[in-house]
Number of protein chains: 2
Amino acid sequence: MSKAAGKKDTKQKILNAAEVLFAEQGFNDTSLRLITSAADVNLASVNYHFGSKKDLIKAVMDRYLAIFMPRADAALRQLLTEPAINLHQVFDCFVAPLMELTVIKRRGPEIFLQLLGRGYIDNQGFLRWFIVNHYGEVLEHFTQAIRKAAPALSSADVFWRLHFTLGTVVFTMASSEALRDIAKTDFDEDIDVEGLVRKVIPYLASGVGANPC
Amino acid sequence: MSKAAGKKDTKQKILNAAEVLFAEQGFNDTSLRLITSAADVNLASVNYHFGSKKDLIKAVMDRYLAIFMPRADAALRQLLTEPAINLHQVFDCFVAPLMELTVIKRRGPEIFLQLLGRGYIDNQGFLRWFIVNHYGEVLEHFTQAIRKAAPALSSADVFWRLHFTLGTVVFTMASSEALRDIAKTDFDEDIDVEGLVRKVIPYLASGVGANPC
DNA sequence: GTCTATAATGGGATAGAC
DNA sequence: GTCTATCCCATTATAGAC
């Protein structure tokens, strides 16, 4: 907007290149050199625009979180006003907010989920800290909804099963491209990201609702 | 055995230090310098004994796989001779083989699962290739057992849900220490790895057996 | 804001003495 | 088998010209 030149903003070019590479290879295995050459910008521009690699990672994540989290939160709050809810509805709250991430780019939904997984696994926790501190209330509403939909579960069971679902989703999405390729060649099943999300929800809902033993 | 000196074999010291660090931080984020100083051996000894870091990674993984895989395979084969089986039984096949990994060290079971997750997520696939090529038949029997226990699922559904379970387990175990700490402080729940495995199995069995939609 | 050049660090691997 | 010393490469980050 405020830019005069016709070429895309350097900052955006960096973000767009970085998120794809981070999602594919993880944060630590993606060098600034790789990012800047993919983005076709100068190496030094990352530090100029973002300050450090760590801050670039936060910027990449927050571009998605800032869209996804408020909408997921709104859907969860809305659901919580219902008198009775089930687990399938709880997970459905995340579908539309996830799919809206195409406003950032076409593959936004899968990139976001991959980044989320990387953030959990790669790092020493600074990203986890960042997410919990900025979007902790969404997690809180998610937990409330689960408890309302599955009142038989203890607090500890809810805690564990939320992490089980996180693992399922994040791991699946981290290799979703490869898996969808296999599904296409082996089973002649052409599935997009939304299809995959809708495929995983019955698994999650059933798993979370299982009888503890 | 063939060693004269009273001190532990350098090769074993390296393996024991490396697997813990690999499990905690991933393969690429663990330097040989860190490993050798933790193992209290010389930096050059890794290359002397293993040839390269990549070969050290394979050696670390295979020490566990060589014990785990044949036993899991035997349990699955045995189960497949039964006339009727359920999903819970299928997953139970892995519990005893996993717990026997304490023969390597006390925390063997969780280290193994963490390493497995790292192998799937960290790397460009050389480890995945190694596992599939060396232990592919175990995966085959696993698939057969799932199909027998849940005949309503299509081939594609089985494929997807196996990856869902892999994600659940691997992701949970990759952060199992942190999660168990939280469970202890927040819910006063003191749980060991076997307890966690037994906690995840109902989730997996229920998820895999859910009605596709 | 963009670039080149370079500093400072840490990585894997190896040569060669012992 | 073990150790020191070192090579060579890649990394993040920055200084300073334009």
Would you please classify the geometry between the B/F187 ring and the A/F159 ring as parallel, tilted or perpendicular, with 30° and 60° separating the classes?
->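 The arrangement is tilted - the two ring planes meet at 30° to 60°.
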Specify the separation, in whole Å, of atom [atom1] of [X] and atom [atom2] of [N].
| X | N | atom1 | atom2 | result |
| --- | --- | --- | --- | --- |
| B/L34 | C/dT9 | CG | C1' | 16 Å |
| A/Y48 | D/dA15 | OH | C1' | 15 Å |
| B/H49 | C/dA13 | NE2 | P | 15 Å |
| A/D29 | C/dG11 | CG | C1' | 13 Å |
| A/F50 | C/dG1 | CZ | C1' | 14 Å |
| B/I14 | C/dG12 | CD1 | P | 13 Å |
| B/F22 | C/dG12 | CZ | P | 9 Å |
| B/N28 | D/dA10 | CG | C1' | 13 Å |

Kindly indicate whether the side chain of B/R33 and the base of C/dG12 share any N or O donor-acceptor pair separated by less than 3.5 Å?
->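 For B/R33, whose side chain was compared with the base of C/dG12, there is a donor-acceptor pair (under 3.5 Å).
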N/O (side chain, B/S31) to phosphate O (OP1/OP2, C/dG10) under 4.0 Å |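 Checking B/S31 against C/dG10: no side-chain N or O falls below 4.0 Å of OP1 or OP2.
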Report yes if a side-chain nitrogen or oxygen of A/T10 is closer than 4.0 Å to either non-bridging phosphate oxygen (OP1 or OP2) of C/dT2; otherwise report no.
->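 Indeed, a polar side-chain atom of A/T10 lies that close.
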Student check: side-chain heavy atoms of A/V20 and A/E24 closer than 4.5 Å |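 The answer is yes, as the side chains (C-beta and beyond) meet within the 4.5 Å cut-off.
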For the pair B/D157 and A/K199, find out whether any cationic side-chain nitrogen is under 4.0 Å from an anionic carboxylate oxygen.
->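 Judged by the 4.0 Å cut-off on N to carboxylate O distance, B/D157 and A/K199 do form a salt bridge.
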SB check B/E189 B/R180 (cutoff 4.0 Å) =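 The answer is no: the pair does not qualify as a salt bridge.
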Interface with DNA chain C, restricted to residues 37-47 of chain B and to heavy atoms under 4.0 Å |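 Heavy-atom cutoff 4.0 Å gives B/L43, B/A44, B/N47.
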Measure from the ring center of A/F142 to the ring center of A/F94 and say whether it is less than 6.0 Å.
->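 Yes, the ring centres sit under 6.0 Å apart.
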Let me have the donor-acceptor pairs involving side chains of residues 38-47 of chain A, under 3.5 Å, with sequence neighbours excluded, atom names and distances please.
from, atom 1, to, atom 2, distance (Å)
A/N42, OD1, A/A44, N, 2.8
A/S45, OG, A/N42, O, 2.5

For the side chain of A/T30 and the backbone of A/Q25, is there at least one donor-acceptor N/O pair under 3.5 Å apart?
->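 A pair under 3.5 Å: no.
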